[in-house]
Asker: 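Got a structure here, written out as structure tokens. Questions coming.
Chain letters run A, B, ... following the sequence lines, proteins first and then strands; every chain starts at 1.
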Amino acid sequence: MTGPRQVLLQRRGPDAVVALVDGAPEHLQEADLSRFVARLEAAGAGPRWVWDDTTRWYPALLAAGLRVRRCLDLRLVHRLLRRSPLVDQGLLTGPETAAWDELVPRSATSAAAGSAGGGAEGLFDLHVHVAALDAAAEHAAQQAALAASLQRGRLQLLVAAESAAALVAAEMTHAGLPWRADVHEALLAAELGPRPPAGEPPAVLAALLARAREALGAPSLNPDSPADLLRALRRVGLEPPDTRSGTLSQLDHPAVAPLLEHRRLSRLHAANGWRWLREWVHDGRYRPDHLPGGVVSGRWAAQGGGALSVPAVLRPAVAADEGWRLVVADVAQLEPRVLAAVSGDVDLARAAAGGDLYQGVVDSGAVATRSDAKLAVLGAMYGATAGSGGRMVEHLARRYPRAVEHLELAAAAGECGEVVSTWLGRGSPRPGGAWTQQAPDVPVSEADLRERRSWGRFTRNFVVQGSAAEWAASWIALLREELWRIGGAGRVEQRPHLVLFLHDEVLVHTPAALAEEVADAVRGAAERAGRLLYGEFPIAFPLDVHVGSSWADAADDADAGAPA
DNA sequence: ATGATCTGCGCC
DNA sequence: AAAGGGCGCAGATCAT
């Protein structure tokens with residue numbers, strides 16, 4: 001019993017939907033949509049749902065208890081293809097191209113946090129606008145552009161991974177990240193003292209501020225104002241170039257300690273304090289918007305409460321439900337491994353084979369210590385040119401010429417204003433600076449030269465960061481399939497499901513009995529992702545996998561910060 | 001008042 | 001002696 005292979009959904013006004021079922025139109029009411037989707041999803045492998053934008057279709061289906069197996073997200077694919085150097089842009093452009101360029105995802109959080117009565121976003125939302133976009137025509141143009149590409153295999157992988165990522169993102173917002181408000185409050189109390197009355201600073205902050213003011217003889221000092229703080233420091237004979245923590249910590253003065261502690265705790269209070277908890281955590285879940293492809297490199301972005309920078313000190317509050325576990329997995333040294341693969345550097349791949357790439361670089365004789373290896377590899381990927389990082393890069397280049405040359409070429413292309421591409425064909429944006437317009441014989445100003453170099457560092461990093469992002473997207477796409485297979489029955493949130501994705505790390509919330517199976521699935525998906533993208537190239541993606549009750553149980557600072 | 005930009009810092 | 005890539009967010013400051 002097999003169903004249709006592909007169903008394209010198109011809105012036609014406020015309540016009407018047209019479904020092209022393998023090309024044959026069926027007319028539906030919006031209210032009948034979930035039944036329609038459920039019926040076709042149950043037939044065989046389920047169709048590929050083709051729609052303008054996952055954020056405009058999938059949340060309602062999830063709310064109705066459904067889950068779809070695969071989709072094609074025309075908005076995300078449009079953005080990919082529009083920028084890819086592997087695509088003939090002429091095949092892609094049409095009368096609605098600009099409208100597709102401007103289509104933005106629908107936000108769950110800004111709608112929810114908006115004013116009473118639905119908020120401006122709801123009224124402003126472009127149902128009309130989106131209904132006017134011709135999804136079938138866009139789909140046809142995209143398929144034609146893909147078919148004509150000399151690298152269509154890679155682009156099709158990228159399109160599939162990006163669309164699957166859109167499903168994962170919607171499911172993560174739907175299920176929410178499990179968050180224990182009581183644990184969070186206890187952590188806040190331990191750091192900041194009891195919750196202060198509204199509008200007042202926590203007692204610990206007030207005391208630290210008083211100590212800093214006293215030590216500087218500046219009774220009205222506002223430590224949040226860099227200018228004010230610099231003035232106060234100058235009055236006691238200190239001349240730091242800026243007021244960053246690292247700079248202040250070099251100073252020898254009794255005000256420094258309370259200032260730094262105040263800075264750390266006031267940030268915790270402002271970014272993730274009681275107000276954050278009240279705004280973002282409801283019924284034990286934190287539900288930010290996840291935005292696949294939200295960063296030009298293809299990394300995800302997130303909106304609402306700073307989901308991608310949950311401070312380490314609060315991670316104990318991210319805790320599994322009773323009878324459930326969190327499976328936390330991160331890839332060891334993802335970006336240098338991806339660099340080895342995309343540059344075809346078998347020596348760097350060999351250095352990675354032992355599990356610790358940095359140690360492998362040391363064992364190859366390129367550098368003396370693990371921390372030198374880290375400096376060298378990160379320096380090469382970020383574009384360090386001077387100091388210890390730059391010197392280490394020279395050592396790296398002698399031992400791993402292919403990997404380093406790959407980066408140098410990306411940087412050189414960027415400095416010339418050219419587009420670079422990830423492994424699967426995501427293109428970098430074009431630079432906008434004045435330097436791109438200059439005739440070759442015009443002398444280059446110092447400022448323009450700095451800008452060129454800066455753009456070169458961006459394109460250098462783009463090929464690694466972006467290729468790593470598409471590996472990671474493939475990883476979670478494959479993992480999503482595995483988790484569904486493991487789960488047995490029930491809705492997405494009743495089975496093992498992804499709750500957070502952080503560039504090279506995933507959190508899966510799972511019934512305790514399935515946790516070990518989930519851990520295996522996470523490893524298996526990483527292995528399959530490596531083969532899917534890099535074939536037989538001998539690079540592995542080893543994971544640190546922890547099963548625990550909270551995110552903090554997985555804490556592993558083996559690689560945190562610069563080793564001494 | 002409102003919005004853009006800067007500084008600083010959390011995360012990768 | 002550090003330095004370098006990507007984000008989001010808060011608060012201060014500047015511009016309108």
Asker: When rounded to the nearest 0.5 angstrom, what distance separates CD in Glu415(A) from CZ in Arg457(A)?
Answerer: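 Here the rounded value is 9.0 Å.
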Asker: With sugar-phosphate meaning primed atoms plus P, OP1 and OP2, does Gly306(A) contact a base, only sugar-phosphate, or nothing at under 4.0 Å between heavy atoms?
Answerer: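 Result for Gly306(A) = sugar-phosphate.
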Asker: With a 4.0 Å cut-off on heavy atoms, is Asn272(A) in touch with a base, just the backbone sugar-phosphate, or nothing at all?
Answerer: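 Here Asn272(A) touches no strand at all.
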Asker: Over how many whole Å does the gap from Phe458(A) atom CZ to dC7(C) atom P extend?
Answerer: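 Interatomic distance, CZ of Phe458(A) to P of dC7(C): 7 Å.
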Asker: Between Asp224(A) (CG) and dG11(C) (C1'), how many Å, whole number?
Answerer: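 Atom-to-atom, Asp224(A) to dG11(C), this comes out as 6 Å.
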Asker: Nearest whole Å is fine: how far is dA2(C) P from Leu378(A) CG?
Answerer: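 Result: 16 Å.
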Asker: For Trp280(A) and dC9(C), give me the distance from atom CH2 to atom C1', rounded to whole Å.
Answerer: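 So the CH2-C1' distance, Trp280(A) to dC9(C), works out to 11 Å.
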Asker: DNA chain C: Val295(A) or Leu375(A), which has the more 5' nearest nucleotide?
Answerer: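 First, find each residue's nearest nucleotide; the 5'-ward one identifies Leu375(A).
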Asker: Side chain of Ser225(A): nearest nucleotide among dC7(C), dA12(C), dG8(B)?
Answerer: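 Taking heavy atoms from C-beta onward, the closest nucleotide is dA12(C).
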Asker: Give the rounded distance in Å between these two atoms: CG of Leu268(A) and P of dC9(C).
Answerer: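 One finds 17 Å between P of dC9(C) and CG of Leu268(A), rounded.
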Asker: Enter the distance from Arg523(A):CZ to Leu479(A):CG here, rounded to the nearest 0.5 Å.
Answerer: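 Atom-to-atom, Arg523(A):CZ and Leu479(A):CG are 12.0 Å apart.
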Asker: Please confirm whether the backbone N or O of Pro288(A) pairs with a side-chain atom of Thr173(A), one donor and one acceptor, at under 3.5 Å?
Answerer: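 Yes.
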Asker: Rounded to the nearest angstrom, tell me the gap between atom CG in Leu259(A) and atom P in dC9(B).
Answerer: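 In whole Å, dC9(B) P and Leu259(A) CG are 11 Å from each other.
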Asker: Quick one: pull up CH2 in Trp471(A) and CD1 in Ile476(A) and give me the separation to the nearest 0.5 Å.
Answerer: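 Nearest 0.5 Å value for the CH2-CD1 distance: 10.5 Å.
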Asker: Reading DNA chain C from 5' onward, which residue's closest nucleotide shows up sooner: Gln250(A) or Ala302(A)?
Answerer: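 Looking at DNA chain C, the more 5' nearest nucleotide goes with Gln250(A).
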Asker: Return the CG to OG distance between Leu409(A) and Ser343(A), rounded to the nearest 0.5 Å.
Answerer: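 The OG atom of Ser343(A) is 10.5 Å from CG of Leu409(A), to the nearest 0.5 Å.
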Asker: Compare the minimum distances between each of dA10(C), dG8(B), dG5(C) and the side chain of Thr243(A), then state the nucleotide with the smallest one.
Answerer: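 Out of dA10(C), dG8(B), dG5(C), the nucleotide with an atom closest to Thr243(A)'s side chain is dG8(B).
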Asker: Could you tell me if the ring centre of Phe541(A) sits under 6.0 Å from that of Trp475(A)?
Answerer: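 Between Trp475(A) and Phe541(A), which both carry aromatic rings, the centre distance is not below 6.0 Å.
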Asker: Could you list the donor-acceptor pairs under 3.5 angstrom formed between side-chain atoms of residues 217-228 of chain A and any protein atom two or more places apart in sequence or on another chain?
Answerer:
from: Asn222(A); atom 1: OD1; to: Asp224(A); atom 2: N; distance (Å): 2.9
from: Ser225(A); atom 1: OG; to: Asp228(A); atom 2: N; distance (Å): 3.1
from: Asp228(A); atom 1: OD2; to: Asn222(A); atom 2: N; distance (Å): 2.8

Asker: What is the distance, to the nearest angstrom, from the CG atom on Leu230(A) to the C1' atom on dA12(C)?
Answerer: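 In whole Å, dA12(C) C1' lies 13 Å from Leu230(A) CG.
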Asker: So does Arg402(A) pair up with Asp345(A), basic N to acidic O under 4.0 Å?
Answerer: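 No, no charged N to carboxylate O under 4.0 Å.
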Asker: CG of Leu260(A) versus C1' of dC9(B): gap in Å, rounded?
Answerer: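 In whole Å, dC9(B) C1' lies 12 Å from Leu260(A) CG.
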Asker: Classify the nucleic acid contact of Gly305(A) as base, sugar-phosphate or nothing, counting any heavy atom under 4.0 Å across all strands shown.
Answerer: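 Sugar-phosphate, backbone atoms only, no base.
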Asker: Below 3.5 Å is the cut-off: list the nitrogen or oxygen pairs between protein and nucleotides 10-12 of chain B, distance only.
Answerer:
from: dG10(B); atom 1: O4'; to: Arg267(A); atom 2: NE; distance (Å): 2.8
from: dG10(B); atom 1: O4'; to: Arg267(A); atom 2: NH2; distance (Å): 3.2
from: dC11(B); atom 1: OP1; to: Ala312(A); atom 2: N; distance (Å): 3.2
from: dC11(B); atom 1: O3'; to: Arg315(A); atom 2: NH2; distance (Å): 3.1
from: dC12(B); atom 1: OP1; to: Arg315(A); atom 2: NH1; distance (Å): 3.4
from: dC12(B); atom 1: O3'; to: Asp504(A); atom 2: OD1; distance (Å): 2.5
from: dC12(B); atom 1: O3'; to: Asp504(A); atom 2: OD2; distance (Å): 3.3
from: dC12(B); atom 1: O2; to: Arg299(A); atom 2: NH1; distance (Å): 2.9
from: dC12(B); atom 1: O2; to: Arg299(A); atom 2: NH2; distance (Å): 3.3

Asker: Quick one: are the ring centres of His184(A) and Trp274(A) less than 6.0 Å apart?
Answerer: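 Aromatic pair excluded; centres sit 6.0 Å or further apart.
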Asker: Rounding to 10 degrees, work out the angle separating the end axes of the helix from dA1(B)-dT16(C) to dC12(B)-dG5(C) (five pairs an end).
Answerer: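 Here the helix ends are tilted 10° relative to one another.
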Asker: So among Val361(A), Asp372(A), Leu375(A), which one has a side-chain contact (heavy atoms from CB on, under 4.5 Å) with Leu396(A)?
Answerer: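 By the side-chain contact (heavy atoms from CB on, under 4.5 Å) criterion, Leu396(A) pairs with just one of Val361(A), Asp372(A), Leu375(A): Val361(A).
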